[in-house]
Amino acid sequence: MADTRATDETSDNTGGNHSSGDGNPESREVEKIRDLKSVLVTSVLNLEELDVNLYRGTHHWVPRSRRLFGGQIVGQALVAAAKSVGDDVYVHSLHCYFVRAGDPTVAVLYQVDHIRDGRSFMVRSVRAIQHGQPILICQASFHKLQPSPLQHQFTMPMVPPPEDLLTEEQLIHLYLTKPNVPEKLRQFLNQRLANEVPIEIKPIQPQPSLRRPATEPRKLFWVRAQGHIGEGNMKLHCCVAAYISDYAFLDTAMLSLADYKAKFFASLDHSMWFHTTFRSDEWMLYECESPWAANSRGLVQGRMWRRDGVLAVSCSQEGVFRVQPVNHRNKL
Ligand SMILES: CCCCCC(=O)SCCNC(=O)CCNC(=O)[C@H](O)C(C)(C)COP(=O)(O)OP(=O)(O)OC[C@H]1O[C@@H](n2cnc3c(N)ncnc32)[C@H](O)[C@@H]1OP(=O)(O)O
């Protein structure tokens with residue numbers, strides 16, 4: 001079997017030095033895709049200005065649930081908020097509630113309110129609106145750079161580098177070449193391959209199976225935006241990270257429960273804290289864990305690490321989970 005590992009990474013977290021691979025046609029193909037501007041920048045996060053403080057966003061990828069992807073709404077809301085502040089401030093946090101399911105058949109409007117401009121901090125409130133009603137309310141805060149001797153961070157977990165791991169897509173291709181893959185699983189995996197999610201993921205401990213044992217609710221994976229974004233616009237990288245942060249995050253809470261599936265799950269809220277500069281189109285380690293779940297809700301917390309060990313982003317989210325045993329015969 002051909003070695004399907006991507007070989008495009010020789011750079012450090014500061015980005016830039018991509019090698020052109022090993023001459024393998026598949027590596028060259030990966031390189032070509034990496035050279036294309038990320039669709040997150042050209043389309044998803046490229047809002048249309050309709051009026052003062054009013055923007056319109058369109059959709060790229062819609063999950064199977066047919067409700068809008070939360071990361072898209074948060075990312076677009078942050079783009080709208082960031083348009084109302086100057087170049088001398090950085091987004092440092094956001095706090096959102098998903099109050100209604102997003103409708104994938106119509107665009108989303110983003111209405112920005114200027115809450116306060118202070119000497120150090122600026123706060124914006126954004127309402128994402130469809131059919132005249134809010135689907136998301138978001139507060140975003142921006143801060144001037146103010147270096148201080150007070151600084152510390154946790155230590156990044158030790159994991160294999162992304163060059164030694166396969167992408168989710170490559171893992172699925174590999175798995176589908178095995179004999180006797182159950183038809184239901186084959187269909188599920190083919191559906192995943194058909195997804196046009198503009199995110200690349202390399203799991204640290206892949207689990208390509210529908211039936212898995214209950215484990216500690218914790219997972220780690222390398223993640224980056226598909227395509228090129230480039231250096232320079234830190235606010236844009238934060239918006240892309242907001243998009244990325246909601247993908248493959250909430251299901252961490254389900255890891256503690258085997259033999260059940262979620263007949264309905266959705267994120268209720270989402271918070272992020274941006275600690276320092278990073279490139280969302282370079283591999284970052286996403287460490288996800290769920291400290292608590294009960295009463296049909298689960299809490300997940302995440303840390304995104306630059307590959308040089310610097311903690312770049314912290315995230316937190318609560319979701320609703322309505323679960324049932326996998327062999328449940330009732331029609332949903
Ligand atoms: C792929 C990666 C995904 C990552 C995660 C995401 O991005 S998720 C996407 C972002 N997040 C979201 O879209 C969530 C948006 N928020 C919401 O949809 C809503 O706030 C909410 C469903 C969470 C709120 O639930 P409420 O129960 O208060 O709302 P509502 O009364 O309208 O009910 C919504 C639906 O749930 C059903 N429902 C309500 N309570 C129920 C219960 N105890 N048991 C069973 N079903 C129940 C209702 O019948 C209704 O179904 P019917 O509708 O059939 O009548």
Side-chain angles (χ1 to χ4, degrees), residues 40 44-45 57 59-78 94-110 126-138 168-169 172 188-201 203 207 210 217 219 221 223 225-226 239-255 260-272 286 288-290 293-302 304 315-325 328 330-332:
L40 284 169
V44 182
L45 299 174
H59 325 308
H60 175 71
W61 165 73
V62 175
R64 282 169 65 203
S65 63
R66 303 306 299 161
R67 53 173 59 216
L68 285 181
F69 172 47
Q72 175 188 291
I73 313 170
V74 176
Q76 291 182 339
L78 187 57
L94 60 81
H95 303 277
C96 305
Y97 279 103
F98 298 99
V99 293
R100 284 184 182 82
D103 175 357
T105 64
V106 296
V108 184
L109 299 182
Y110 293 89
V126 184
R127 276 158 37 112
I129 300 162
Q130 286 187 313
H131 307 293
Q133 294 190 303
I135 59 168
L136 171 103
I137 46 178
C138 173
E168 261 196 338
E169 213 174 39
I172 291 174
F188 171 78
L189 293 175
N190 277 319
Q191 271 166 4
R192 282 198 78 111
L193 285 177
N195 275 348
E196 290 181 346
V197 192
I199 298 175
E200 287 178 81
I201 283 181
Q207 291 255 5
L210 286 179
K219 65 176 174 178
F221 54 93
V223 65
Q226 211 172 60
C239 297
V240 173
Y243 184 101
I244 288 174
S245 67
D246 189 36
Y247 188 74
F249 188 28
L250 192 56
D251 60 359
T252 311
M254 284 290 292
L255 293 177
Y260 278 80
K261 64 181 179 185
K263 63 174 178 172
F264 175 82
F265 80 108
S267 33
L268 297 168
D269 57 20
H270 193 73
S271 293
M272 299 183 76
Y286 200 4
C288 305
E289 56 198 7
S290 174
N295 198 23
S296 301
R297 301 196 315 275
L299 177 68
V300 288
Q301 295 170 337
M304 281 188 192
C315 314
S316 173
Q317 178 174 106
E318 198 178 31
V320 54
F321 294 85
R322 294 187 182 125
V323 301
Q324 67 179 26
H328 200 277
N330 282 355
K331 281 193 173 169
L332 292 178

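Note that ligands are numbered from 1 as they come in the structure, with each ligand's atoms numbered from 1 the same way.
Close to ligand 1: Leu68, with a non-hydrogen atom less than 4.0 angstrom away.
Shown here, atom 11 (N) of ligand 1 is in close reach of the protein: a heavy atom of it lies under 4.0 Å off. The nearest protein heavy atom to atom 28 (O) of ligand 1 is not closer than 4.0 Å. For atom 18 (O) of ligand 1, the nearest protein heavy atom lies closer than 4.0 Å. Remark: atom 55 (O) of ligand 1 lies closer than 4.0 Å to no protein heavy atom. Distances from atom 25 (O) of ligand 1 to the protein include no heavy-atom value under 4.0 Å. Distance check for atom 39 (C) of ligand 1: a protein heavy atom is found below 4.0 Å. Note that atom 7 (O) of ligand 1 has protein non-hydrogen atoms nearby, at separations under 4.0 angstrom. Distances from atom 34 (C) of ligand 1 to the protein include no heavy-atom value under 4.0 Å.
For atom 21 (C) of ligand 1, the nearest protein heavy atom (residue, atom name, distance) is Leu268 CD2, 4.9 Å. Counting protein heavy atoms only, atom 16 (N) of ligand 1 is closest to Phe98 O, 3.2 Å. The protein atom (non-hydrogen) at minimum distance from atom 4 (C) of ligand 1 is Asp246 O, 3.6 Å. The single protein non-hydrogen atom nearest to atom 1 (C) of ligand 1 is Trp61 CH2, 3.9 Å, given as residue, atom name and distance. When hydrogens are left out, the protein atom nearest atom 22 (C) of ligand 1 is Phe264 CZ, 4.1 Å; that is the closest non-hydrogen contact. Looking only at heavy atoms of the protein, atom 13 (O) of ligand 1 is closest to Arg67 NH1, 2.8 Å. From the protein, the heavy atom lying nearest to atom 5 (C) of ligand 1 is Ser267 OG, 3.5 Å.
By the criterion of a heavy-atom distance under 4.0 Å, the side chain of Arg322, and not its backbone, is placed next to ligand 1. Contacts of Ile73 with ligand 1, taken as heavy-atom pairs under 4.0 Å, are absent altogether.
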Might you work through the side chain to side chain contact (heavy atoms under 4.5 Å, CB included) test for Cys138 and Leu78, ending with a clear yes or no? CA-CA 8 Å; Cys138 173; Leu78 187 57; 5.9 Å; no
Which is it for Phe98 and Val74 under the side chain to side chain contact (heavy atoms under 4.5 Å, CB included) test, yes or no, and what are the steps along the way? CA-CA 9 Å; Phe98 298 99; Val74 176; 3.7 Å; yes
Would you check, one step at a time, whether the test side chain to side chain contact (heavy atoms under 4.5 Å, CB included) holds for Tyr286 with Tyr247? CA-CA 11 Å; Tyr286 200 4; Tyr247 188 74; over 6 Å; no
Candidate pair Phe321 and Phe264, rule side chain to side chain contact (heavy atoms under 4.5 Å, CB included), full reasoning: CA-CA 6 Å; Phe321 294 85; Phe264 175 82; over 6 Å; no
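Between Asp269 and His95, the side chains place no donor N or O within less than 3.5 Å of an acceptor N or O (distance only, hydrogens not considered). With no hydrogens or angles considered, a side-chain donor-acceptor pair links His59 and Gln72 at under 3.5 Å. Between the side chains of Ser245 and His270, a donor-acceptor pair is found at a separation under 3.5 Å.
Between Phe221 and Cys288 the shortest side-chain heavy-atom distance falls below 4.5 Å.
A salt bridge links Asp251 and Lys219; the closest N-O separation between the charged side-chain nitrogens and carboxylate oxygens is under 4.0 Å.
Residue Glu196 places its CD atom among 12 or fewer non-hydrogen atoms of other residues, nucleotides or ligands, all under 6.0 Å distant.
The atoms of ligand 1 that sit less than 4.0 Å from any heavy atom of Val99 are 16 (N), 19 (C), 20 (O).
For Glu289, the salt bridge (Lys or Arg N to Asp or Glu O under 4.0 Å) partners are Arg218, Arg303, not counting sequence neighbours. Under the side-chain contact (heavy atoms from CB on, under 4.5 Å) criterion, Ala128 pairs with Ile73, Val108, Tyr110, Ile135, Leu136, sequence neighbours left out.
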